[in-house]
Amino acid sequence: VERDVAAALRRADPPIASGGGMPVRSPDGRPAAGISLAAGAERLDDSRIAELVPCMVDSIRAMEQQLAREAPHLAQAARVQ
């Protein structure tokens, strides 16, 4: 996941802005929300991306764990359908 996000942020030539996002998934695996990050290319270079992507992943995993604890009915509802 981290490589995909970093690669997507480097595609423009010349880059004017950099950004990317990743889904926050509900307990059943469906997207429930998203987290995005954007900045001017001069502020979000490869080294900064490498620093920030793991933070995004950690934050998303924490939100997914909280969703699993506080909204277990989301997974149950998906199994019933």
Side-chain angles (χ1 to χ4, degrees):
V1 171
E2 294 176 21
R3 285 189 313 256
D4 294 341
V5 172
L9 293 176
R10 291 192 298 268
R11 285 192 186 127
D13 187 29
I16 297 169
S18 293
M22 295 189 297
V24 176
R25 297 192 181 276
S26 64
D28 67 358
R30 292 183 299 168
I35 297 293
S36 63
L37 175 68
E42 71 281 354
R43 297 193 58 145
L44 197 55
D45 60 13
D46 287 351
S47 64
R48 188 70 174 142
I49 291 168
E51 198 178 323
L52 293 173
V53 168
C55 295
M56 286 179 66
V57 170
D58 290 347
S59 296
I60 288 168
R61 297 299 172 250
M63 285 184 260
E64 290 172 341
Q65 290 170 359
Q66 187 170 356
L67 270 174
R69 283 192 308 272
E70 296 183 15
H73 62 283
L74 293 176
Q76 293 168 345
R79 284 193 295 266
V80 171
Q81 295 178 352

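For clarity, every value in this text was computed on a predicted model and none was experimentally measured.
With a 4.5 Å cut-off on side-chain heavy atoms, Ile35 and Met56 count as touching. Between Leu67 and Arg25, the closest side-chain pair of non-hydrogen atoms is not below 4.5 Å. Put simply, the side chain of Ile49 does not reach to within 4.5 Å of the side chain of Leu37, judged on heavy atoms.
Nearest approach of Ala68 to Pro27, heavy atoms of both residues: CA-CG, 3.7 Å. Minimum heavy-atom separation, Ala32 to Ser26: CB-N, 4.0 Å.
Note that CD of Gln65 is 12.5 Å distant from CD1 of Ile60, once rounded to the nearest 0.5 Å. Distance check: Glu64 CD to Ser59 OG gives 11.0 Å after rounding to the nearest 0.5 Å. Taken to the nearest 0.5 Å, the CG atom of Leu52 stands 9.5 Å off from the OG atom of Ser47. Here Gln66 contributes atom CD and Arg69 contributes atom CZ; the two are 5.5 Å apart, rounded to the nearest 0.5 Å. With values rounded to the nearest 0.5 angstrom, Asp46 atom CG is found 12.5 Å from Glu51 atom CD.
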Quick one, Arg48 with Asp45, criterion side chain to side chain contact (heavy atoms under 4.5 Å, CB included). Give me CA distance, side-chain angles, the key distance, then yes/no. CA-CA 5 Å; Arg48 188 70 174 142; Asp45 60 13; 3.4 Å; yes
